[in-house]
2 protein chains.
Amino acid sequence: MTLPLPDMICFALYSATHAMQHVYKPLLDDLGLTYPQYLVLTALWTGEAQTVGSLGRQVQLESNTLTPLLKRLEDRGLISRTRSSADERQVNITLTDAGRTLQSRAAHIPAAVLEKSGLSLDDLTRLREQITTLRDQLRGA
Amino acid sequence: MTLPLPDMICFALYSATHAMQHVYKPLLDDLGLTYPQYLVLTALWTGEAQTVGSLGRQVQLESNTLTPLLKRLEDRGLISRTRSSADERQVNITLTDAGRTLQSRAAHIPAAVLEKSGLSLDDLTRLREQITTLRDQLRGA
DNA sequence: CTATATTACATCGCATACGATATAATCGCA
DNA sequence: TGCGATTATATCGTATGCGATGTAATATAG
């Protein structure tokens, strides 16, 4: 009843996630971003004005992780954090000009990662859907 | 050229890995283990005597992560760390009786996770193979 | 045989993750 | 209306991950 590591789906996910971040590393180093920071900026680039909470629901992180991360992005001048006037509990997160500018410098990353994956876009899309289904199952369980 | 988060394979892996660890959490809390500690013990339960280096190749972690983790397992009395007499650079990692005993208390975990995944064993196996293939591609690239 | 390179592990610094808890603001109900 | 419950962030402590570097032991070239 003890599966060896190579037979464990959880280890496949765990090690593939690390391998993926390893591929992103040199690409993100050029932008001075960490991988979770890149995810947060992606949410801001592709979406609209956000609160800490709405960002957290998208990147699946809690405020205990997001708040320090967002402070670092603010220190770098990429975003601004301001208390909402409508609801003083909320903090609005918006891109600065520098944060918006960074989007174009990150535009080549998806293609670079696709190429390193060695899979076709179709295969990758199918795989992504299966992984997402598994994730939502695990989340709901 | 900026993909939204739900379309990114890397985010699917990232969030699925977190969801998976969330499922393991209550199961591992009963054993007082963290998820990476469980992976290391799995390698020891299913394999033979190991060095820090051979363990690292299996769980895909470097000594900078493994050494503190192994020290915590040693503090808990689950493993022993001893310098190899043949090569003083190496540290041999072996299970203690307590560490071996823990294996039976963890025996029910794979079935519990399989059930929460909502997938058949066949589907999960196929998905695992695809993810492993992607990981090895990314690693080799 | 010895100086140099390589290897195996450890240490340090920084940035996540996350459970538990704190705090301030808003909500809901009697 | 007022007060307890809920909500949105923030803080704290612990455990990863990992790049860079340190250190001791072993391997190797000349």
Side-chain angles (χ1 to χ4, degrees), chain A residues 10-11 13-26 28-29 31-41 50-57 59-76 79 81-93 139, chain B residues 10-11 13-26 28-29 31-41 50-57 59-76 79 81-93 139:
Chain A
C10 67
F11 179 67
L13 286 170
Y14 174 84
S15 53
T17 297
H18 290 165
M20 188 64 86
Q21 294 196 29
H22 186 72
V23 168
Y24 271 92
K25 185 74 169 57
L28 293 178
D29 278 349
L31 309 181
L33 294 176
T34 66
Y35 179 71
Q37 288 170 5
Y38 170 70
L39 293 181
V40 166
L41 286 177
Q50 304 261 9
T51 64
V52 173
S54 68
L55 267 177
R57 279 184 292 279
V59 298
Q60 316 256 16
L61 294 172
E62 304 284 328
S63 69
N64 49 10
T65 300
L66 273 180
T67 296
L69 187 157
L70 293 170
K71 283 184 177 173
R72 280 186 282 271
L73 291 179
E74 185 184 37
D75 289 344
R76 294 228 7 235
I79 65 168
R81 298 163 62 244
T82 50
R83 284 277 160 192
S84 162
S85 52
D87 184 341
E88 291 276 337
R89 291 173 303 179
Q90 296 188 130
V91 171
N92 292 125
I93 307 295
R139 235 169 231 302
Chain B
C10 67
F11 178 68
L13 286 170
Y14 174 84
S15 53
T17 297
H18 290 165
M20 188 63 86
Q21 294 197 30
H22 186 73
V23 168
Y24 271 93
K25 184 74 167 59
L28 293 178
D29 277 350
L31 309 181
L33 295 176
T34 66
Y35 180 71
Q37 288 170 5
Y38 171 70
L39 293 181
V40 167
L41 286 178
Q50 305 261 10
T51 64
V52 173
S54 67
L55 266 177
R57 280 185 290 281
V59 298
Q60 316 257 14
L61 293 173
E62 303 283 328
S63 69
N64 49 9
T65 300
L66 273 180
T67 295
L69 186 156
L70 292 170
K71 282 184 177 174
R72 281 186 281 272
L73 290 180
E74 186 184 37
D75 289 344
R76 294 228 7 235
I79 64 168
R81 299 164 62 243
T82 50
R83 285 275 161 192
S84 163
S85 52
D87 184 341
E88 290 277 337
R89 291 172 303 179
Q90 298 189 126
V91 170
N92 292 126
I93 307 295
R139 234 168 229 305

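Numbers restart at 1 for each chain; the letters A, B, ... are given by sequence-line order, proteins then strands.
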* **Stepwise side chain to side chain contact (heavy atoms under 4.5 Å, CB included) check, B/Val59 with B/Leu66** => CA-CA 9 Å; B/Val59 298; B/Leu66 273 180; 4.3 Å; yes
* Asked: Between B/Tyr14 and A/Tyr35, how do the two ring planes meet: parallel, tilted or perpendicular, split at 30° and 60°?
  -> perpendicular
* Asked: Got a sec: does the NE2 of B/His22 have more than 12 other heavy atoms crowding it under 6.0 Å?
  ->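 No.
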For the backbone of [Y] and the side chain of [X], can you confirm whether one donor and one acceptor N or O come within less than 3.5 Å of each other?
| X | Y | result |
| --- | --- | --- |
| A/Ser54 | A/Gln50 | no |
| B/Arg72 | B/Gln37 | no |
| B/Arg81 | B/Asn92 | no |

* To do: Find out whether B/Ile93 and B/Leu73 are in side-chain contact, i.e. whether some heavy atom of one side chain is under 4.5 Å from a heavy atom of the other.
  => no
* Just call it for B/Glu62: base, sugar-phosphate, or nothing, with non-hydrogen atoms closer than 4.0 Å on any strand. => nothing
* Does a side-chain N-to-carboxylate-O contact under 4.0 Å join A/Asp29 and A/Lys25? ->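 Salt bridge between A/Asp29 and A/Lys25, a charged N being under 4.0 Å from a carboxylate O: yes.
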* Report, as a single string ordered 5' to 3', how protein heavy atoms within less than 4.0 Å touch nucleotides 21-29 of chain D: B base, S sugar-phosphate only, - not at all. => ----BS---
* Would A/Leu61 and A/Leu39 count as a side chain to side chain contact (heavy atoms under 4.5 Å, CB included) if you check the C-alpha gap in whole Å, the side-chain angles of each, and the deciding distance to 0.1 Å? -> CA-CA 11 Å; A/Leu61 294 172; A/Leu39 293 181; over 6 Å; no
* Of A/Ser84 and A/Gln60, the one whose closest DNA chain C nucleotide lies more 5' ->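 Checking each residue's closest nucleotide, the 5'-ward one belongs to A/Gln60.
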* Structure fact -> Rounded to whole Å, CD of A/Gln50 lies from P of D/dA8 at a distance of 14 Å
* What are the bounds, 5' to 3', of the part of DNA chain C that sits under 4.0 Å from heavy atoms of chain A? -> C/dA15 to C/dT26
* To do: For side chain to side chain contact (heavy atoms under 4.5 Å, CB included), just list the numbers for B/Leu28 and B/Thr34, CA-CA rounded to whole Å, side-chain angles, deciding distance to a tenth of an Å, and then say yes or no.
  => CA-CA 6 Å; B/Leu28 293 178; B/Thr34 66; over 6 Å; no
Atom pairs, protein N/O to nucleotides 10-17 of chain D N/O, distance under 3.5 Å:
unit_1	atom_1	unit_2	atom_2	d
D/dA10	OP1	A/Arg81	NH2	2.7
D/dA10	OP2	A/Thr67	OG1	2.6
D/dA10	N7	A/Ser63	OG	2.8
D/dT11	OP2	A/Lys71	NZ	2.6
D/dT16	OP1	B/Thr34	OG1	2.6
D/dT16	OP2	B/Gln37	NE2	2.9
D/dT16	OP2	B/Arg72	NE	2.8
D/dT16	OP2	B/Arg72	NH2	3.2
D/dT16	O5'	B/Arg72	NH2	3.2
D/dG17	OP2	A/Tyr14	OH	2.5

